[in-house]
Amino acid sequence: MKSVKSLIPVATDQAPSAIGPYSQGVVAGDLLFVSGQLPIDPATGDLVKGDIAAQAAQCLDNVSAIAAEAGTDLNRAVKFSIFLTDMADFAAVNEVYASYFQDIFPARSAFQVSALPKNAAIEMEAVLAL
């Protein structure tokens, strides 16, 4: 990884490749900023099949893989943002989300949006402590 003004990009093949001009994650100081993760299977590059719970799990798995590459994990998450195209999915997403954390739940916000890239139903981004 090369550094630009103390910013370090993070990339792993265990999460989907960026589909635009951005990094999967960027380390700045003691924080990792993870770009929005769609429910894309990194092995196929396709959106996962299944209900919103399966899609939420894939988003969290993708964030987790980027975190691991940077030397941290979800239990060091400070803030999550969740974007949903249908707020009716919130309860199912919340149930999956809760199962990924053990100690302290990160700060979080959830938004309904009109559309997401690749017509996904969900996207998650995160900030984690290193």
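Across all their heavy atoms, V96 and S99 have their closest contact at O-OG, 2.6 Å. Nearest heavy-atom pair across T72 and A129 is OG1-O, 2.7 Å. Nearest heavy atom pair, residue S35 against residue S23, reads OG-O, 2.6 Å. Looking at every heavy atom in both residues, I122 comes nearest to P39 through O-CD, 3.2 Å. A70 and V27 make their closest contact through CB-CG2, 4.4 Å (heavy atoms, listed as atom of the first residue, atom of the second, distance). Minimum interatomic distance between P42 and P16 (heavy atoms only, all atoms of both residues): CB-N, 3.7 Å.
The hydrophobic cluster containing V48 does not contain I66, counting ILVMFWY residues as joined when their side-chain heavy atoms lie under 4.5 angstrom apart, directly or transitively. Note on F105: it clusters hydrophobically with L74, by side-chain heavy-atom contacts below 4.5 Å among ILVMFWY residues. Both V63 and F101 are part of a single hydrophobic cluster, where members link through side-chain heavy atoms under 4.5 Å apart. By the criterion of side-chain heavy atoms lying less than 4.5 angstrom apart, applied directly or through intervening Ile, Leu, Val, Met, Phe, Trp or Tyr residues, I40 is grouped together with Y22 in one hydrophobic cluster.
For E95, the CD atom sits in a loose shell: 12 or fewer heavy atoms of surrounding residues, nucleotides or ligands are nearer than 6.0 Å. At most 12 non-hydrogen atoms from other residues, nucleotides or ligands lie less than 6.0 angstrom from CG of N119.
With sequence neighbours excluded, the residues that form a side chain to side chain donor-acceptor pair (under 3.5 Å) with D61 are Y100. Listed by chain and residue number, nothing satisfies the side chain to side chain donor-acceptor pair (under 3.5 Å) test with Q37 (two or more places apart in sequence, or in another chain). Under the rule for a side-chain contact (heavy atoms from CB on, under 4.5 Å), the partners of A28 that lie at least two apart in sequence or sit in another chain are L7, F33. Shown here are the side-chain contact (heavy atoms from CB on, under 4.5 Å) partners of F83, two or more places apart in sequence or in another chain: S81, F111, V113, L116, E123, E125. Taking the side chain to side chain donor-acceptor pair (under 3.5 Å) definition, one finds that N94 meets it with R108, sequence neighbours left out.
Judged by distance alone, the side chain of Q24 and the main-chain N or O of A18 form no donor-acceptor pair under 3.5 Å. Side-chain N or O atoms of N75 include one that pairs as donor or acceptor with a backbone N or O of Q102 at under 3.5 Å.
K79 contributes atom NZ, which lies 13.5 Å from atom CG of L31 (distance to the nearest 0.5 angstrom).
Counting heavy atoms from C-beta on, the side chains of V127 and L32 never come closer than 4.5 Å. Counting heavy atoms from C-beta on, the side chains of L38 and I19 come closer than 4.5 Å. The shortest side-chain heavy-atom distance between V34 and L128 falls under the 4.5 Å cut-off. Counting heavy atoms from C-beta on, the side chains of I52 and V93 come closer than 4.5 Å. Side-chain contact between I82 and S109: absent, with no pair of heavy atoms (C-beta onward) separated by less than 4.5 Å.
Each side chain to side chain donor-acceptor pair (under 3.5 Å) pair with one or both residues in residues 45-59, not counting sequence neighbours, appears once here: Q58-N62.
Taking the six-membered ring for Trp, F80 and Y97 have ring centres closer than 6.0 Å.
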